[in-house]
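Below you'll find the structure, written out as structure tokens, and then a few comments.
The analysis underlying the following values was restricted to heavy atoms, covering all of them including side chains, and did not include hydrogens, waters or symmetry mates.
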Amino acid sequence: MSSFKFNPKSKNPLELRKSWELFMEKDIISPHIPKVISESWKSHKHKNIDPFRPKVDIDLHTYDQYMNNNEYIIESSTDIIKDLGEYLDYTSVELFNADALLVKMYGDQKIIERLSEINNAPGGIHDTQAGTNAVTLALEHNKPAFVAGAEHFCSMFHEISCLAMPIFNKNTNKVQSVIDFTGPLEVFNSHTFGLLHSTRVAIQKNLDNLYLEQYNMLLDHFQNQFLNGSESALIINSDKVIIRCSEKAAHLLGAYGKDWNRYSISSLGIPNLNFHLELNENEIEFYSTLGHDLDVRIVLNRIFHKKLFQGWLMRLIPIVKTVHEPKKKRKLSFNDLIGNSDSFQVAINTAKKIASSQAPVLILGETGTGKEMFAKAIHNSSEKPFVTINCGAIPKELIGSELFGYEEGAFSGAKKGGQKGKFELANGGTIFLDEVGELTLEHQVYLLRVLQERELYRLGGKKPIPLDVRVIAATNVELRESIKNNTFREDLYFRLNILSLRLPSLRERGKEDIIRLINFFVILYNRNEGKKVSLTKEALDLMASYQWKGNVRELENSVYRLIVLAEHQSISPEDVRLILDEPFVEEVDSSVKPVSMNEIERNGILQVLRHHNGHLTKAAKELNISRATLYRKMEKYQINIDRILE
């Protein structure tokens with residue numbers, strides 16, 4: 001701090017403006033412009049940064065991710081700066097992360113409103129594109145920085161001045177965050193510097209205590225789980241620094257006896273490890289090859305303490321080729337349904353409620369969204385039979401006998417003794433009628449009678465057969481349109497649609513769910529094919545950006561092809577392009593308005609809030625997010641709880 005000179009009285013706004021104009025027009029630096037400012041000006045001009053840009057960039061997705069992953073850091077600072085902000089006039093106090101992302105802001109409401117007009121608000125980024133500013137200078141030089149009026153490279157900041165101070169991470173000895181005062185030049189004096197410095201010290205002390213608490217918690221987690229030393233495991237804190245490494249893991253890493261403590265994960269030399277850590281999911285698996293050509297499966301589990309994210313447990317599992325023996329097939333449950341997006345979680349939670357009822361269910365969704373998997377998960381809470389039939393895959397002349405069975409002699413070629421239909425086979429359990437919208441009107445009449453009377457007659461039969469069958473039907477057809485077109489009976493629709501479940505398409509679920517599914521299928525088909533193939537970061541990004549019109553089924557088949565055809569251990573973007581049926585060019589139908597991810601997320605939150613009558617704690621729990629995150633999302637999407645309940 002001693003090398004920093006703070007003298008706001010020496011700054012003349014008019015002179016600063018003239019100096020800025022002289023530099024912009026003629027590249028001349030006035031002698032009274034500090035070297036740190038002039039060097040920054042030159043750098044930004046060389047990079048062709050627009051000095052007249054009207055606003056800073058804003059990235060709400062990155063903001064949400066940071067807030068979710070760093071709640072314990074934010075909480076250590078929020079109370080301090082919030083209390084300080086209540087006493088500020090004409091000034092705001094702001095907290096930035098190490099990437100110059102504005103995460104918290106308090107102070108005088110008028111200046112906050114004025115700053116928000118240029119996106120100087122939570123989610124705004126004060127990086128290189130924002131030009132010379134105190135936050136980026138503090139991050140660049142690891143010391144306090146003061147930028148007054150027209151010393152800012154971009155004119156949008158010329159009416160304000162900024163004083164910023166770095167806060168350091170005890171784990172990495174790098175800047176963790178930056179605290180900043182913003183306001184008119186005349187409010188800055190030696191007392192301002194002292195106040196901000198005292199605030200920085202208080203936050204730094206809180207952070208240091210939190211890091212110590214986190215370190216001890218992670219050590220306890222490691223010792224409680226791996227005291228016997230039989231696991232190849234590492235504990236990594238939220239700053240991606242290794243806290244503990246078991247002896248077995250050190251041996252697999254080719255550095256037996258090495259003390260890995262306090263090393264960054266980059267020292268492990270595991271390709272794409274950082275990418276997978278950034279995926280923001282509670283568990284993920286992928287394959288890799290360690291430095292001495294040892295193939296391993298890596299499992300990452302996020303660690304939480306008091307509901308706050310603290311770090312990762314990483315397991316290294318050597319891949320050993322074994323003779324595959326047939327295994328008893330495990331029943332599919334809701335835990336096997338892969339996806340963490342709000343829209344998908346809403347569907348799962350709805351399905352769980354449906355599972356406790358015996359009422360008919362109608363599952364709606366595009367082809368390949370997992371309608372049969374949901375039907376199985378709904379049914380599998382019991383030990384009763386589950387029978388599925390694809391109504392669109394059987395010739396229309398045979399669908400009656402397939403569904404309802406037939407007696408001996410019912411038609412030419414009928415089997416001796418007759419045959420049970422799918423409904424009889426499912427008696428006492430569940431029948432899943434996939435593509436029910438493809439049934440002919442004739443068979444719809446018979447199906448309606450079976451549902452109403454709870455008994456059936458085989459084709460050619462005269463004796464009624466009592467039924468105790470739960471019906472789950474699914475379709476990718478818009479049945480209301482079919483009713484209007486007289487191709488589907490309205491009375492059957494209402495009989496099937498006692499309970500309904502709509503599954504989101506893969507494009508509605510978002511990039512993170514697509515990546516989860518890709519990683520799952522990579523592991524599955526590596527096992528099936530006896531391979532150890534992985535996707536490069538670029539290949540994974542490319543697949544995640546593809547428009548999967550066939551939804552999960554198309555995605556799964558594409559991963560399967562990639563694994564089977566792979567000639568190397570790493571799958572490249574070129575390999576991905578070769579196996580897909582169409583180029584990576586999104587063709588937009590101008591007649592259809594695309595639904596944004598923000599709109600999908602907002603609708604999902606509204607649906608859950610309505611279901612819980614506005615109870616925020618219950619809604620946050622169902623959405624699998626913290627109450628604080630739910631508040632932020634409600635503010636982001638301008639969701640008014642009173643209007644929801646009207």
Side-chain angles (χ1 to χ4, degrees), residues 56 58-86 88 92-107 112 115-116 119-127 135 138-139 164-172 174-182 196 198-215 217-218 236-241 277-278 280 282 302-312 616-617 620 623-637:
V56 299
I58 193 163
D59 187 342
L60 294 177
H61 176 71
T62 300
Y63 170 77
D64 282 343
Q65 280 191 323
Y66 180 81
M67 298 298 280
N68 286 331
N69 289 341
N70 297 276
E71 286 185 89
Y72 76 101
I73 295 174
I74 298 162
E75 284 190 359
S76 71
S77 311
T78 298
D79 288 344
I80 295 172
I81 64 172
K82 186 177 182 180
D83 289 344
L84 174 62
E86 291 180 359
L88 295 178
S92 68
V93 57
E94 302 162 3
L95 185 71
F96 291 80
N97 72 1
D99 294 317
L101 177 75
L102 204 169
V103 294
K104 286 289 181 179
M105 186 179 190
Y106 298 99
I112 287 176
L115 291 171
S116 67
N119 286 347
N120 195 117
I125 305 173
H126 285 224
D127 59 2
V135 173
L139 287 168
M165 292 185 182
I167 299 167
F168 291 89
N169 184 324
K170 191 176 182 179
N171 289 330
T172 62
K174 295 179 180 179
V175 176
Q176 172 75 62
S177 51
V178 174
I179 186 170
D180 171 87
F181 271 168
T182 297
L196 189 62
S198 298
T199 306
R200 186 200 70 80
V201 170
I203 293 173
Q204 186 76 66
K205 186 176 180 180
N206 271 10
L207 270 179
D208 291 348
N209 290 335
L210 275 173
Y211 285 133
L212 181 60
E213 180 184 333
Q214 181 195 63
Y215 179 80
M217 185 280 300
L218 291 174
I236 301 167
N237 70 16
S238 56
D239 294 307
K240 301 174 186 173
V241 173
L277 292 174
E278 292 288 341
N280 193 28
N282 291 341
R302 290 160 68 86
I303 301 170
F304 292 85
H305 180 60
K306 297 178 181 177
K307 296 185 178 180
L308 299 179
F309 171 68
Q310 303 290 340
W312 296 266
L616 298 181
T617 301
L623 291 167
N624 197 28
I625 59 178
S626 69
R627 187 183 171 103
T629 300
L630 178 58
Y631 271 125
R632 288 196 298 274
K633 289 183 181 292
M634 288 173 65
E635 184 176 354
K636 171 183 173 182
Y637 297 126

* Asked: With a 4.5 Å limit on heavy-atom distance, are the side chains of Leu84 and Tyr106 in contact?
  -> no
* Looking at Gln214, Arg302, Gln310, which one forms a side-chain contact (heavy atoms from CB on, under 4.5 Å) with Ser238? -> Gln214
* Specify the closest pair of heavy atoms between Lys240 and Trp312, including all atoms of both residues, with the distance to one decimal. => CG-CZ3, 4.0 Å
* To do: Mind checking ring pair (Phe, Tyr, Trp, His ring centres under 6.0 Å) for Phe181 and listing every partner two or more places apart, or none if nothing turns up?
  => none
* Residue pair Val175 / Asn169, side-chain heavy-atom distance below 4.5 Å -> no
* **Min side-chain heavy-atom separation Leu139-Pro166 under 4.5 Å** => no
* Asked: Is the closest side-chain heavy-atom distance between Asn237 and Ile303 below 4.5 Å?
  -> no
* To do: Please examine the side chains of Asp99 and Ile125, heavy atoms only from C-beta on, and report whether any two atoms are closer than 4.5 Å.
  => no
* Is the shortest heavy-atom distance from the side chain of Met105 to the side chain of Leu115 under 4.5 Å? -> yes
* Asked: Which value, rounded to the nearest 0.5 Å, describes the distance between Ser92 atom OG and Leu102 atom CG?
  -> 8.0 Å
* Without hydrogens or angle criteria, can the side chains of Asn120 and Glu94 be said to hold a donor-acceptor pair below 3.5 Å? -> yes
* To do: Would you sort out whether Asp79 and Asn206 count as a side chain to side chain contact (heavy atoms under 4.5 Å, CB included), showing the intermediate values?
  => CA-CA 11 Å; Asp79 288 344; Asn206 271 10; over 6 Å; no
* First locate atom CD1 of Ile179, then atom CZ of Arg200, and finally report the distance between them rounded to the nearest 0.5 Å. => 9.5 Å
* Asked: Given side chains that start at C-beta, do those of Asn97 and Gln176 come closer than 4.5 Å, heavy atoms only?
  -> no
* To do: Could you walk me through whether Leu60 and Ile58 pass side chain to side chain contact (heavy atoms under 4.5 Å, CB included), step by step?
  => CA-CA 6 Å; Leu60 294 177; Ile58 193 163; 4.3 Å; yes
* Looking only at side chains, do Asp180 and His126 share a donor and an acceptor under 3.5 Å apart? -> no
* To do: Measure the CD1-CG distance between Ile81 and Leu95 for me, rounded to the nearest 0.5 Å.
  => 5.0 Å
* Test side chain to side chain contact (heavy atoms under 4.5 Å, CB included) applied to Thr62 - qualifying residues, sequence neighbours left out -> Asp59, Leu101
* Heavy atoms, side chains only, cut-off 4.5 Å: are Val103 and Phe96 in contact? -> no
* Asked: For Val93 and Thr199, what are the C-alpha separation, side-chain angles and deciding distance, and is it a side chain to side chain contact (heavy atoms under 4.5 Å, CB included)?
  -> CA-CA 10 Å; Val93 57; Thr199 306; 5.5 Å; no
* Structure fact -> With sequence neighbours left out, the residues meeting salt bridge (charged side-chain N to carboxylate O under 4.0 Å, His left out) with Lys104 are none
* Structure fact -> Between Ala100 and Asp127 the two heavy atoms that sit nearest each other are CB-N, 4.0 Å
* Asked: What's the spacing between Met165 CE and Ile167 CD1 if we round to 0.5 Å?
  -> 10.0 Å
